[in-house]
Visitor: 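One structure is given below, represented as structure tokens, and several questions about it will come after.
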There are 2 protein chains.
Amino acid sequence: MNDSAVEASSKETSKQGLPRLADVAAHAGVSSKTVSRVVNNEANVRPQVRAQVLRSVAALGYRPNAAARALVTQRTHQIGLIATASSLYGPTAGLFSLEQAAWKAGYGLTLTTVQEASEAQLGEAIHYLMVRGVEGVIVSGVAGVLHLGTSTLADMPLVSTSPITTESAKHVLVDSDQVAGTRAAVRHLYNSGHRLIAHLAGPLGWDSAARRRDGWRLELEDLGLHPGPLLEGDWSPRSGYEAALTLDRTAATAIVVANDHMAMGAIRAFTEKGLHIPDDMSVVGFDDVPEAAYQIVPLTTVRQDFSSVAERSVHELIQLIEGRPAEETCIHLPTELIVRASTARCFGNPN
Amino acid sequence: MNDSAVEASSKETSKQGLPRLADVAAHAGVSSKTVSRVVNNEANVRPQVRAQVLRSVAALGYRPNAAARALVTQRTHQIGLIATASSLYGPTAGLFSLEQAAWKAGYGLTLTTVQEASEAQLGEAIHYLMVRGVEGVIVSGVAGVLHLGTSTLADMPLVSTSPITTESAKHVLVDSDQVAGTRAAVRHLYNSGHRLIAHLAGPLGWDSAARRRDGWRLELEDLGLHPGPLLEGDWSPRSGYEAALTLDRTAATAIVVANDHMAMGAIRAFTEKGLHIPDDMSVVGFDDVPEAAYQIVPLTTVRQDFSSVAERSVHELIQLIEGRPAEETCIHLPTELIVRASTARCFGNPN
DNA sequence: GCAAAGGTTGACAGCGCTGTCAGTAAGCGA
DNA sequence: TCGCTTACTGACAGCGCTGTCAACCTTTGC
């Protein structure tokens, strides 16, 4: 019945000086198993015993030891996240949503990064996470197709934004519908009278960059147009700037850019070349970063909902972890075209 | 001597079906303690025994169980990160550097977020991390001053970008030198002839926002100038836009903005009002986000090195974790003024 | 009033690993 | 050759917790 401060008791015997289940049990006058029941909210404990235990827990400042618990239950309730190390908006924006979704579901998030999606780096990251006992892995914003043939990840629940080369039932893809996104951008430009529509892609080794390019190309084909010039950047504003410098108004009157930051760089480059946006060149971005709406020329862009992707990813992963097989193995979330001021009617091609 | 594939052996007895130390020991014909020695790279194992054990480890695909290890060694080698949930550039940019620095030092990173830095939310986050057994905590981009009086964090190694109200020797502050940053911005504007210099601050409940404002005010005082208008935003481009809408050219010829994204919003607002940047209004940002250099009007800004802050934070934290007291409890890393095109001489005030 | 059923509690083993310490083999000087 | 040091190896306990199972204590129905 000792209700004194946190550091009160002197009987606790844990190595670290932290109180253990047994200390709480002694304090409350019950067995440690009963304390365990209370702490884990199990049924069949008399209310007054429960209350007394709770009081002792508070009095001693008891916290369960995750390692001990994990050891016996074989559950860590940890999710691993593998992300590409970059300070780019896209991959990071969903991070907090990811964490919050995991938190709500009672899971912790262990973060790890790779510089590039080489098999070696990915393998190292996976090893790192598995040693730490994660129960599932989310791979976010990693280039290319994941090859997990005989790898150690083959049997681990995994959600990725990139396709994976396994038939494992434990692998699910969750991502924005990139193809539909650039398709919508192209259609919008077409409807505005543009016929010469270029694309500034992300690094095409990245699956999402390739899919955005595919959308652009497919929509042009459906529209009966020849694809305009295809440029490639590395997602950075600088690369957008440099790529756009090489593009001529004779080659295209509009360009679909694979992300907003490259679009900003491109707009800067066009401006330098004396082209006015949108009158001389229409530009569509992708992502809808917060500052896109507040550029001097507010950016028309394809919004993707990073939060939804993150939440859905966590949801699907936890389904897999808890043994429920995935209903769909390939989930594409909708994107939305946000028309602002960087696109205009093309009067050169007045249809 | 079985060198077959990972899933080979059928003798492993772990609940999860994963091989344990004892399985490797049996496979190699040694005791589990010897395997433990090899796995942990301890001395005093005969080379050929070591080699044999290593072969068995590889053959069985053995991975040490972190929970068991943590239980007995009382070390988790995990660092907790508390960040504010937002998709803003500042707080997230250093995240990957943080992770990489932790990785190199052999630590894992567990991420958690708070919506706001209320005592309640922070307490919850801390509890979450402590239950997961982190050995130290980094608090990044959290508003205000941390009050950790009798809190459970009081005795835990902690590195923060905000000041903390404890005398604990285990708490260190690592951050960019915000004051010097805005001071440099003001001086640059002064040297360009500006005398009416406004400030658009971040949310002043945030310590970093308050310090940036202080730098602005202090430099103006040192220069013998009265502070111009002080506005407040919430770091977002939108808030910068809205704040700038209220600012008149008669009130200021230049403005120091507390981050780049608000600066972009402000530039957009000024442009809408018919003010030309930089001729009618000079704008200085803070952060130097990647797209700042590629705006239609490239942004003059105060660059802070998020990577250095992150690396230093991890370094200091690990010092604390490993029991070495901090040499400095308050570390400010330098910032650098990057002059681009959003600032110009003020001809209205020709010195 | 008694048995059966159900609710509540605790003793004990053991999760997979490492620290301790004792024991055995090898090296070495006299 | 012996005795002593040093290099290696393994038996065993136990980290803090939960699962199992047996024991006990209430209720309830008749």
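Computation of the quantities below employed the complete heavy-atom set of this structure, encompassing side-chain atoms and omitting hydrogens, waters and symmetry-equivalent molecules.
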Visitor: Is a side-chain N or O of B:Gln319 found less than 3.5 angstrom from the main chain of B:Ala326, in a donor-acceptor match?
Guide: no

Visitor: Look at the aromatic rings of A:Tyr107 and A:His77 and report parallel, tilted or perpendicular, splitting at 30° and 60°.
Guide: tilted

Visitor: For D:dT18, does either OP1 or OP2 sit under 4.0 Å from a side-chain N or O belonging to A:Gln74?
Guide: no

Visitor: In whole angstroms, how far is the P atom of C:dT20 from the CD atom of B:Glu42?
Guide: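 Whole-Å distance recorded here is 11 Å.
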
Visitor: Nucleotide by nucleotide, 5' to 3', does protein get under 4.0 Å of the base (B), only the sugar-phosphate (S), or neither (-) in nucleotides 5-10 of chain D, counting heavy atoms?
Guide: ---SBB

Visitor: Compare side-chain N and O positions of B:Thr73 against OP1 and OP2 of C:dT18 and report whether any pair is under 4.0 Å apart.
Guide: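 Checking C:dT18 against B:Thr73, no side-chain N or O comes under 4.0 Å of OP1 or OP2.
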
Visitor: How long is the line joining CG of A:Leu71 and P of D:dC15, in whole Å?
Guide: 13 Å

Visitor: Tell me, with the steps shown, if B:Lys170 and B:Glu135 meet salt bridge (Lys or Arg N to Asp or Glu O under 4.0 Å).
Guide: CA-CA 12 Å; B:Lys170 292 187 177 172; B:Glu135 298 185 33; over 6 Å; no

Visitor: Tell me: CG of A:Asn40 to P of C:dT8, nearest whole Å?
Guide: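 So the CG-P distance, A:Asn40 to C:dT8, works out to 17 Å.
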
Visitor: When you check the side-chain N and O atoms of A:Glu311 and A:Gln100, is any donor under 3.5 Å from an acceptor?
Guide: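 No, no side-chain donor-acceptor pair sits under 3.5 Å.
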
Visitor: Can a side chain N or O of A:Asn65 be found less than 4.0 Å away from OP1 or OP2 on D:dC15?
Guide: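 A:Asn65 to D:dC15 OP1/OP2: no side-chain N or O under 4.0 Å.
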
Visitor: Using the rule given for side-chain contact (heavy atoms from CB on, under 4.5 Å), can you reason through B:Leu129 versus B:Ile82, listing the C-alpha separation, both sets of side-chain angles and the distance that settles it, and then say yes or no?
Guide: CA-CA 9 Å; B:Leu129 290 176; B:Ile82 301 180; 3.5 Å; yes

Visitor: Would you confirm whether B:Thr161, through its side chain, and B:Asp175, through its main-chain N or O, come within 3.5 Å as a donor-acceptor pair?
Guide: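 Judged by distance alone, no pair lies under 3.5 Å.
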
Visitor: Return no unless some side-chain N or O of B:Arg69 is found under 4.0 Å from OP1 or OP2 of C:dC17.
Guide: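 Answer no for this pair, as no side-chain N or O of B:Arg69 is under 4.0 Å from OP1 or OP2.
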
Visitor: From CG of B:Leu21 over to P of C:dG16, roughly how many Å is that when rounded to an integer?
Guide: 11 Å

Visitor: Roughly, in whole Å, what's the span from CG in A:Asp23 to C1' in D:dC17?
Guide: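 Roughly 13 Å, once rounded to whole Å.
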
